[in-house]
**Student:** 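Sharing a structure, written as structure tokens. Questions coming.
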Amino acid sequence: MIVKPDEISLVIKEQVRAFSSAPDVSEAGTVTQVGDGIAHVYGLPGAMSGELLEFPDGLYGMALNLDTDSIGAVLLGPDVGVKAGDPVKLTGRMAEVPVGDALLGRVVNALGQPIDDRGPIAASGYRGIEQPAPSVIMRGAVGIPLQTGIKAIDAMVPIGRGQRELIIGDRQTGKTTICIDTILNQKDKGVRCIYVAIGQKASTVAQIIDVLTKGGAMDYTTVVVSTASEPAPLQYIAPYAGCAMGEEWMARGKDVLVVYDDLSKHAVAYRALSLLLRRPPGREAYPGDIFYLHSRLLERAACMSDEAGGGSLTALPIVETQEGDISAYIPTNVISITDGQIYLESELFNDGVRPAINPGFSVSRVGGAAQIKAMKTIAGPLRIEFAQYRDLAAFAQFGSDLSHDTLERLRQGERIMEILKQPQHRPMAVELQVLILYVLINKHLLDVDIHRVREFQRDFLQFIHEQKKPILEEIRRTGDVSPQLEEQIKAAIAEFKGLHSYS
């Protein structure tokens, strides 16, 4: 091999030209104190709030407190290997999670790392967990229903795509069940779902994943898990991580449903962090920015205008009350941020009314705009009759001499209560809801024995499905009950009653 001197000199000249004498400088700090998932770091004057810090052994932390000569950082993992004197480096990055369709069907932790033993996730990109909420100009009006499959909600407290509807009630009243049923009902509706479990028992989360898997819902669902055994920092960032994953789909014009289960535990985790960071406590020992904690999360739910892509992100936050006290600190905060609430009552639940929705305290500030025309027509009388029944039922306990009209209203109210009962994990298509509620509102159930109302409902809907399918198809296609269709429904009711007796 012949080496030419001119080639050697050319290579040397290129290396000299490319040589940089600038030193490689990276800002470094030192751990001064660590414990309970919190590290105090000396130095790093250039750190930003929310920036990721790199600790030894690949552990990351997030800067939350920026004091004059030190930083209070929360560790995103166990603090066992971190000790005073360890070096800490700035990364220049904010906390982010993987996003994209590869997350569908997966179970991940608050950092977006898979925990379902199905290998790595081929994410299409990354997105910061903290994002500004869409501006007013980018938003459109909420007008497309998000069907839950639960009659009491779709008729009386409707939810629209892009809405924030709070699910609130005491423990063990069916809050999570409502959200899981809503996810199950999104099958074949083009809605991507994200379930964020915050501070739940691992066994409870495993049961929920099993229900979603058996219902075929994991094909379009991502589960973000931060269990009660995990450090408070991971519970704190979990809902923001889930929201960021959903925002990526919303930005692509898709419809997304995110469930935060629950924000009470999220607030408790943030309170623990704040107290450990020595922030001054306020009411109930929560820090002063506890309202901002949830408002900056829930304001990211939106229905985007067509010019901004037309996607939507619907939020169903859950808040647990103590002894039904909805005037407590965290419940009132979240109620003021959301577009309505579904209140579940322990007394109704214990009386066998499931879902135990109290229509008096429950409200949707979007209202009829999030209902198809047929449901809107039926829902008005239903809500009025239900409210009248509850008032009359309380009054009737003290009087025996009741008028015929009062007795009929009580009988109708009893049948409303029966029809609105629904077994868990069995959401009902909206066209079936319209049919049975039409039968109810037009008082075709008054001659049905109260103990056989649900039996009548099951058999009638099966009869319609098997022998009168065009009725269902027209309601599904048009979303309305025309005069001609109404005549067909009346004829079908008469025909069914002629074949069966439920008195």
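Hydrogens, waters and symmetry mates are skipped; everything else that's a heavy atom, side chains included, is used.
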**Student:** Using a 6.0 Å cut-off, check whether atom CD of Glu347 has over 12 heavy atoms from anything other than its own residue.
**Tutor:** no
**Student:** Within the 4.5 Å heavy-atom criterion, are Leu420 and Val353 side-chain neighbours or not?
**Tutor:** no
**Student:** Could you verify whether a donor N or O on one side chain and an acceptor N or O on the other, from Ser364 and Gln163, lie under 3.5 Å apart?
**Tutor:**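 Note: Ser364 and Gln163 side chains meet the donor-acceptor criterion.
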**Student:** Check the surroundings of atom CZ in Arg365: do more than 12 heavy atoms from other residues, nucleotides or ligands lie under 6.0 Å from it?
**Tutor:** yes
**Student:** Return yes if some donor-acceptor pair links the side-chain N/O of Arg118 with the main-chain N/O of Gly105 below 3.5 Å, else return no.
**Tutor:** yes
**Student:** Identify which one of Val453, Ile419, Leu435 satisfies the side chain to side chain contact (heavy atoms under 4.5 Å, CB included) criterion when paired with Leu440.
**Tutor:** Ile419
**Student:** Output yes when a side-chain donor or acceptor of Glu51 lies under 3.5 Å from a complementary backbone atom of Met48, and no otherwise.
**Tutor:**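 It does hold such a pair.
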**Student:** Any carboxylate oxygen within less than 4.0 angstrom of a Lys/Arg side-chain nitrogen, looking at Glu248 and Arg252?
**Tutor:**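 Yes, this pair counts.
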**Student:** Test your reading of the model: is there a side-chain donor-acceptor pair from Gln186 to the backbone of Gln147, 3.5 Å cut-off?
**Tutor:**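 A pair under 3.5 Å: yes.
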**Student:** Can you name the residues that form a side-chain hydrogen bond (donor to acceptor under 3.5 Å, both in side chains) with Glu284, not counting sequence neighbours?
**Tutor:** none
**Student:** Does the side chain of Lys89 come within less than 4.5 Å of Leu53's, by heavy atoms?
**Tutor:** no
**Student:** Tell me whether Glu96 is salt-bridged to Arg93, with the criterion being a basic N under 4.0 Å from an acidic carboxylate O.
**Tutor:**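 Salt bridge present between Glu96 and Arg93.
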**Student:** Would you say Ile198 and Asp261 make side-chain contact, with heavy atoms under 4.5 Å?
**Tutor:**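 Heavy-atom side-chain distance check fails, nothing below 4.5 Å.
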**Student:** Do Cys243 and Arg127 have side chains that get closer than 4.5 Å, going by heavy atoms?
**Tutor:** no
**Student:** Distance-only, no hydrogens or angles: does the Thr332 side chain make a donor-acceptor pair with backbone N or O of Ala328 under 3.5 Å?
**Tutor:** yes
**Student:** How about CZ on Phe291, more than 12 heavy atoms from neighbouring residues, nucleotides or ligands closer than 6.0 Å, or not?
**Tutor:**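 Yes, CZ of Phe291 has more than 12 neighbouring heavy atoms, counting only those of other groups under 6.0 Å.
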**Student:** Do Asp325 and Ser327 pair up side chain to side chain, a donor and an acceptor below 3.5 Å, judged on atom types alone?
**Tutor:** yes
**Student:** Going by heavy atoms in the side chains, are Glu320 and Asp170 under 4.5 Å from each other?
**Tutor:** no
**Student:** Between Gln457 and Lys421, do the side chains contain a donor N or O and an acceptor N or O under 3.5 Å apart?
**Tutor:**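 No, Gln457 and Lys421 have no side-chain donor paired with an acceptor closer than 3.5 Å.
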**Student:** Say whether Thr148 and Asn185, considering side chains only, have a donor N or O and an acceptor N or O under 3.5 Å apart.
**Tutor:** no
**Student:** Using the test side-chain hydrogen bond (donor to acceptor under 3.5 Å, both in side chains), find all partners of Ser229 that sit at least two apart in sequence or belong to another chain.
**Tutor:**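 side-chain hydrogen bond (donor to acceptor under 3.5 Å, both in side chains) check on Ser229 returns Thr227.
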**Student:** Any heavy-atom pair between the side chains of Arg161 and Val191 that's under 4.5 Å?
**Tutor:**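 Of all side-chain heavy-atom pairs linking Arg161 with Val191, at least one is under 4.5 Å.
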**Student:** For the residue pair His425 and Asp181, confirm or rule out a side-chain donor-acceptor distance under 3.5 Å.
**Tutor:**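 Present: a donor and an acceptor within the cut-off.
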**Student:** Please answer whether the main-chain N or O of Asp154 pairs with a side-chain N or O of Gln433 as donor and acceptor at a distance below 3.5 Å.
**Tutor:** no
**Student:** Heavy-atom distance under 4.5 Å between the side chains of Lys151 and Ile436, does that happen here?
**Tutor:**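 Yes - at least one pair of side-chain heavy atoms lies under 4.5 Å apart.
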**Student:** For Asp101 and Trp249, which I'm curious about, is there any donor-acceptor pair between the side chains at under 3.5 Å?
**Tutor:** yes
**Student:** List the steps, then state whether salt bridge (charged side-chain N to carboxylate O under 4.0 Å, His left out) holds for Arg296 with Glu130.
**Tutor:** CA-CA 9 Å; Arg296 76 176 191 264; Glu130 294 278 7; 2.9 Å; yes
**Student:** Examine Arg192 relative to Tyr220 and say whether NZ or CZ is less than 6.0 Å from the centre of the six-membered ring and inside a 45° cone about the ring axis.
**Tutor:**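 No, Arg192 and Tyr220 do not form such a contact.
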**Student:** Looking at Arg164, is its backbone amide N or carbonyl O close enough to the side chain of Asp339 to form a donor-acceptor pair, meaning the two atoms are under 3.5 Å apart?
**Tutor:**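 Yes; judged by distance alone, with no hydrogens or angles, the pair exists.
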**Student:** How about Ile464 and Leu472: do any of their side-chain heavy atoms sit closer than 4.5 Å?
**Tutor:** yes
**Student:** Return yes when atom NZ of Lys189 has more than 12 non-hydrogen atoms of other residues, nucleotides or ligands closer than 6.0 Å, and no otherwise.
**Tutor:** yes
**Student:** Test your reading of the model: is there a side-chain donor-acceptor pair from Asn109 to the backbone of Leu111, 3.5 Å cut-off?
**Tutor:** yes
**Student:** Tell me every residue that passes ring pair (Phe, Tyr, Trp, His ring centres under 6.0 Å) with Tyr270, counting only those two or more places apart in sequence or in another chain.
**Tutor:** Tyr236
**Student:** Compute whether any side-chain donor of one residue and acceptor of the other, for Glu466 and Gln462, lie under 3.5 angstrom apart.
**Tutor:** yes
